[in-house]
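Sharing a structure, written as structure tokens. Questions coming.
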Amino acid sequence: AQSVTQPDIHITVSEGASLELRCNYSYGATPYLFWYVQSPGQGLQLLLKYFSGDTLVQGIKGFEAEFKRSQSSFNLRKPSVHWSDAAEYFCAVVAPNTNAGKSTFGDGTTLTVKP
Amino acid sequence: NAGVTQTPKFQVLKTGQSMTLQCAQDMNHNSMYWYRQDPGMGLRLIYYSASEGTTDKGEVPNGYNVSRLNKREFSLRLESAAPSQTSVYFCASSEEGDYGYTFGSGTRLTVV
């Protein structure tokens with residue numbers, strides 16, 4: 001079975017600084033990989049996804065993520081953080097060719113943005 | 001375009017009471033899911049439905065039942081609520097072969 005680890009429970013960055021959120025997965029092959037964002041009191045919103053091909057994927061709201069097979073990682077990045085990016089971020093994996101595309105989620109990383 | 005609609009948004013139950021959480025999507029998605037979210041534990045899959053007429057257990061199905069009423073609607077039922085079921089419940093759907101989820105806004109359930 002697949003699993004996801006987000007090593008950082010909480011990260012604080014200053015507005016305008018760069019951001020990197022870490023995600024490591026465990027699976028026998030390359031899974032499908034996703035990042036979601038959750039604002040307080042809201043549901044999750046899909047930021048970006050990786051299935052295959054180019055290992056650097058672009059998403060919404062200026063986010064990007066890089067898949068590194070050798071490190072079993074799929075880290076989320078943003079060059080310049082805005083105060084509105086403060087939220088909780090979840091990495092998720094889906095095992096390819098499985099029934100119904102069940103996602104396994106990490107425990108989340110809470111991002112605080114300092115003015 | 002409403003996406004995924006969940007009702008109710010908030011609910012307080014007494015231990016032993018029953019209730020049904022409703023979920024409907026208008027994107028013609030085949031697959032639908034119910035997750036619960038607890039602090040520090042991410043999201044855990046309760047039940048899912050790969051297509052109309054099929055349902056399967058997820059990671060934490062005990063104490064819950066589901067019904068895929070039609071392609072649009074997927075309900076979650078608590079037959080006898082327990083304090084351990086206090087949580088935020090999310091319904092989600094996905095297009096076949098895509099697996100990126102569209103989530104509802106959640107139901108915050110408290111069992112006292």
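What you see below is based on every heavy atom in this structure, not just the backbone, and it leaves out hydrogens, waters and symmetry mates. So you know, we letter chains A, B, ... as the sequences are listed, proteins then strands, and number each from 1.
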Connected via hydrophobic side-chain network under 4.5 Å: B:F90 and B:M19: no
Thinking salt bridges, do A:K102 and B:D56 make one under a 4.0 Å N-O criterion? no
Honestly curious: do B:V88 and B:V60 fall in one hydrophobic cluster under the side-chain, below-4.5 Å linking rule? no
State plainly whether one hydrophobic cluster holds both A:F34 and A:Y50, where clusters connect Ile, Leu, Val, Met, Phe, Trp and Tyr through side-chain heavy atoms under 4.5 angstrom apart.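 Different clusters: A:F34 never reaches A:Y50 through Ile, Leu, Val, Met, Phe, Trp or Tyr contacts under 4.5 Å.
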Of all of B:C91, B:G104, B:G100, which one pairs up most often with chain A through heavy atoms under 4.5 Å apart?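 The residue among B:C91, B:G104, B:G100 with the greatest pair count is B:G100.
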Proximal component of B:Y33, with respect to chain A [non-hydrogen, under 4.5 Å]: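 The side chain, not the backbone.
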Would you find more than 12 non-hydrogen atoms of other residues, nucleotides or ligands less than 6.0 Å from B:E96 atom CD?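 Counting neighbours around CD of B:E96, 12 or fewer heavy atoms of other residues, nucleotides or ligands fall under 6.0 Å, so no.
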Sort B:D98 into side chain, backbone, both or neither according to what part of it lies under 4.5 angstrom from a heavy atom of chain A.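 Contact with chain A: backbone and side chain both.
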Sort B:Q37 into side chain, backbone, both or neither according to what part of it lies under 4.5 angstrom from a heavy atom of chain A. side chain
List the atom of B:F103, the atom of A:F105, and the distance in Å for their closest heavy-atom pair. CZ-CZ, 3.7 Å
Heavy-atom contact with chain B under 4.5 Å, split by part of A:Q6: neither
Side-chain touch A:L44/B:L43, heavy atoms, less than 4.5 angstrom: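 In short, these two side chains touch, coming nearer than 4.5 Å.
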Can B:L45 be reached from B:L21 by stepping across I, L, V, M, F, W or Y side chains whose heavy atoms are under 4.5 Å apart?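 No; tracing contacts between hydrophobic side chains, which count when under 4.5 Å, never links both residues.
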For A:I9, look at atom CD1 and say whether over 12 heavy atoms of other residues, nucleotides or ligands are found less than 6.0 Å away.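 Open.
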Do B:Y101 and A:S103 touch side chain to side chain, with heavy atoms closer than 4.5 Å?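 Contact flag for B:Y101/A:S103 side chains = yes.
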Are B:I46 and B:F74 connected into the same hydrophobic cluster when the rule is that any two of I, L, V, M, F, W, Y join if their side-chain heavy atoms are below 4.5 Å apart? yes
